Amino acid sequence: MGILDEFNPRRDGWFFENWGEASEFDWDLFRRTYLAINPTNDPVAAPLDVAFFQIFKSCAANGNCGGMSMLALALFKYGGYLGYGSPANFYTGAGSGPDRADLHQAINIMQARQFSAAGIRNFLDVVKAGQLNDGFAAYDRIVSGLGSGDYCMLSLSNGVFGDAAHTIIPYRAEMIGGTRVLHVWDPNRPYDAFSQHYDADHNKITITGPTSWSYDQNAGGLFSGGTLYAGSNNGWFFAIPTSLEVHKGRQPISAGFILTGLTTLFVSGVGAAVTQIEDDEGRRLYSSDRVHRNRGDLETLSDRRLTGVAPWPWPGGLSGELPGELFFIERPPGSSPLHVTVRGDDYHLMHLSESHLTELSAARTGTMAKDSIRLTGSADDAQSLAVSTRAARRRFDIHHLRHDGPEAWRSVRVRNATVTRDRLTVSTPVTLDEVEISGTTARRDVDVELRRFVDGKVSTRRTPGQRLAAGRVTRLAPSSWDKLSRARVEQVVD
């Protein structure tokens, strides 16, 4: 890229159109995307890598717009990247996606780098600054990038959970009177198939206020099947400097790598939805307890708003079922526990940091009941999960795992726990040398499994049919973690 060059949609944009992945990404692509990933998909040797892979593997199900934008800009800026040379339009494709399988994978890699530690850091900074849907802030950052040669990508949507979520390339910015105008290249509108979108100057975003912006993929009436994006739809509109995500880096939840105070909450399952997240002081993420689809549902009152919790956008550019609901959480140590309400049937919840993993698996009941889950602890604290359900009864599995060194961990898993409105709590100290299990009014039996991984070997101690007394706390601890498989499990009931 010369200092006076400008990105040209005809030459520097791809010949082919955006496409969604019918299959999930594999472990090899995961390793090629990030640094320090375990060589194999091994939940024993690398449980945190495997946990984050569950988030990663479906991130292009609804499109590869982010990957197409990022790799196109890398080719434009550097003249070549990942073995591919400029211009991007040289590479053909039949219909959606490139003809070449290796280029297909290269774009997949770039799409997945949205989850790099630097990309997550940028997203959290935008949220903290209150600029997730701010046309003026995005325009200023884009102008700065154009001036420095660090082009930005632009992420936009019509809803907080990714309604038509999309990533495009703004390559020219201008002021026309009091209106800010961005000219963009759109992966859903490649030049060769949509030349009039560009030649007739319909590829424009107009911005007249922070949330007064619009972009119409069908502008001019020449094409159909596109989307009208508008800030009034309470989605998002923020800029991402390409330099933050283009290079191979660490994923944010990587053993031994700390993105200060960050934890991740991921809920997946057909029809599963997080309807509320709140703390003990009554601060809440949403203004109502229901399924949410736009930013208008977020709590805005300063004395009620829950800070430090950010719903993740899933930019893909195409419609379809989302991989799940993902939240990045950054709160000070000692913050009030979080209460998460989940509506669904047969779902899976993960709460993870660079040193711990907490999981909850909810068995099918045949109804879309609501469950209340209380999560306590950050990366350096004791971990606790308490769950109750509005279903008549539901069976849960609860799992706590904590790294006990670079290549060592301990875990406790409580299986086949039948729960009603009577809450079940499973807690472990920061050392994870014991587990506390308690209920309120109901007696129940559960299966408990203790595991330790060290020196490449895993040992297990199971105690099936563990009786939990009503209203009491049961503490279980092995007599020796070093000889776990033969250890005596000591029980104390308080």
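This one's a predicted model, so the numbers in the text were calculated from it and none came from an experiment.
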| request: Please confirm whether Arg189 makes a cation-pi placement over Tyr198, using NZ or CZ under 6.0 Å from the six-membered ring centre and within 45° of the ring normal. | output: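 No.
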| task | Measure from the ring center of Trp27 to the ring center of Phe53 and say whether it is less than 6.0 Å. | result | yes
| query | Are the ring centres of Tyr151 and Phe76 closer than 6.0 Å? | reply | yes
[atom1]-[atom2] distance between [X] and [Y], expressed to the nearest 0.5 angstrom:
{"X": "Glu325", "Y": "Leu349", "atom1": "CD", "atom2": "CG", "result": "11.0 Å"}
{"X": "Ile373", "Y": "Ile277", "atom1": "CD1", "atom2": "CD1", "result": "10.0 Å"}
{"X": "Ile207", "Y": "Phe136", "atom1": "CD1", "atom2": "CZ", "result": "8.0 Å"}
{"X": "Leu385", "Y": "Leu360", "atom1": "CG", "atom2": "CG", "result": "5.5 Å"}
{"X": "Asp201", "Y": "His183", "atom1": "CG", "atom2": "NE2", "result": "5.5 Å"}
{"X": "Leu29", "Y": "Ile109", "atom1": "CG", "atom2": "CD1", "result": "5.0 Å"}

| query | Angle class for the Phe7/Trp185 ring planes (parallel below 30°, perpendicular above 60°, tilted otherwise)? | reply |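 Rings of Phe7 and Trp185: tilted, 30 to 60°.
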Is a side-chain N or O of [X] found less than 3.5 angstrom from the main chain of [Y], in a donor-acceptor match?
{"X": "Asn122", "Y": "Ala118", "answer": "no"}
{"X": "Gln131", "Y": "Val126", "answer": "no"}
{"X": "Tyr81", "Y": "Val246", "answer": "yes"}
{"X": "Ser287", "Y": "Leu298", "answer": "no"}
{"X": "Asp279", "Y": "Arg283", "answer": "yes"}
{"X": "Gln217", "Y": "Thr227", "answer": "yes"}
{"X": "Asn38", "Y": "Ala46", "answer": "no"}
{"X": "Ser195", "Y": "Asp192", "answer": "no"}
{"X": "Asn158", "Y": "Ala230", "answer": "yes"}
{"X": "His197", "Y": "Ala193", "answer": "no"}

| Do Asn218 and Ser224 pass the side-chain hydrogen bond (donor to acceptor under 3.5 Å, both in side chains) test, and can you show the C-alpha distance, the side-chain angles, and the key distance before you say yes or no? | CA-CA 6 Å; Asn218 299 326; Ser224 61; 5.8 Å; no
May I ask you to decide whether [X] forms a salt bridge with [Y], counting only side-chain N to carboxylate O separations under 4.0 Å?
{"X": "Asp289", "Y": "Arg284", "value": "no"}
{"X": "Asp280", "Y": "Arg374", "value": "yes"}
{"X": "Glu330", "Y": "Arg121", "value": "yes"}

| request: From the options Phe25, Trp19, Phe16, select the one residue that forms a ring pair (Phe, Tyr, Trp, His ring centres under 6.0 Å) with His104. | output: Trp19
| query | Can you tell which of Tyr34, Trp312, Phe266, Phe56 makes a ring pair (Phe, Tyr, Trp, His ring centres under 6.0 Å) with Phe115? | reply | Trp312
| request: Show your reasoning for whether side-chain hydrogen bond (donor to acceptor under 3.5 Å, both in side chains) applies to Asp371 and Tyr347. | output: CA-CA 11 Å; Asp371 301 329; Tyr347 66 86; 2.7 Å; yes
| request: Considering non-hydrogen atoms only, spot the tightest contact between Pro187 and Pro190 and give its length. | output: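 Minimum heavy-atom separation between Pro187 and Pro190: O-CD, 3.8 Å.
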| said: Pair Gln383, His400 - check side-chain hydrogen bond (donor to acceptor under 3.5 Å, both in side chains), show working. | reply: CA-CA 7 Å; Gln383 303 299 319; His400 289 300; 5.4 Å; no
| With Arg305 via salt bridge (Lys or Arg N to Asp or Glu O under 4.0 Å) - residues at least two apart | none
| task | Sequence neighbours left out, what passes side-chain hydrogen bond (donor to acceptor under 3.5 Å, both in side chains) with Arg113? Give chain and number order. | result |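 None.
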| side-chain hydrogen bond (donor to acceptor under 3.5 Å, both in side chains) partners of His202, counting only residues at least two apart | none
| task | Please indicate whether Gln54 has more than 12 foreign heavy atoms, meaning atoms of other residues, nucleotides or ligands, lying under 6.0 Å from its CD. | result | yes
| request: For salt bridge (Lys or Arg N to Asp or Glu O under 4.0 Å), just list the numbers for Arg10 and Asp199, CA-CA rounded to whole Å, side-chain angles, deciding distance to a tenth of an Å, and then say yes or no. | output: CA-CA 10 Å; Arg10 181 174 187 173; Asp199 293 344; over 6 Å; no
| task | Show the numbers, then the answer: is there a side-chain contact (heavy atoms from CB on, under 4.5 Å) between Lys248 and Leu82? | result | CA-CA 11 Å; Lys248 190 174 185 179; Leu82 296 181; over 6 Å; no
| request: Could you check Thr341, Val342, Leu306, Val340 and say which one makes a side-chain contact (heavy atoms from CB on, under 4.5 Å) with Gln276? | output: Thr341
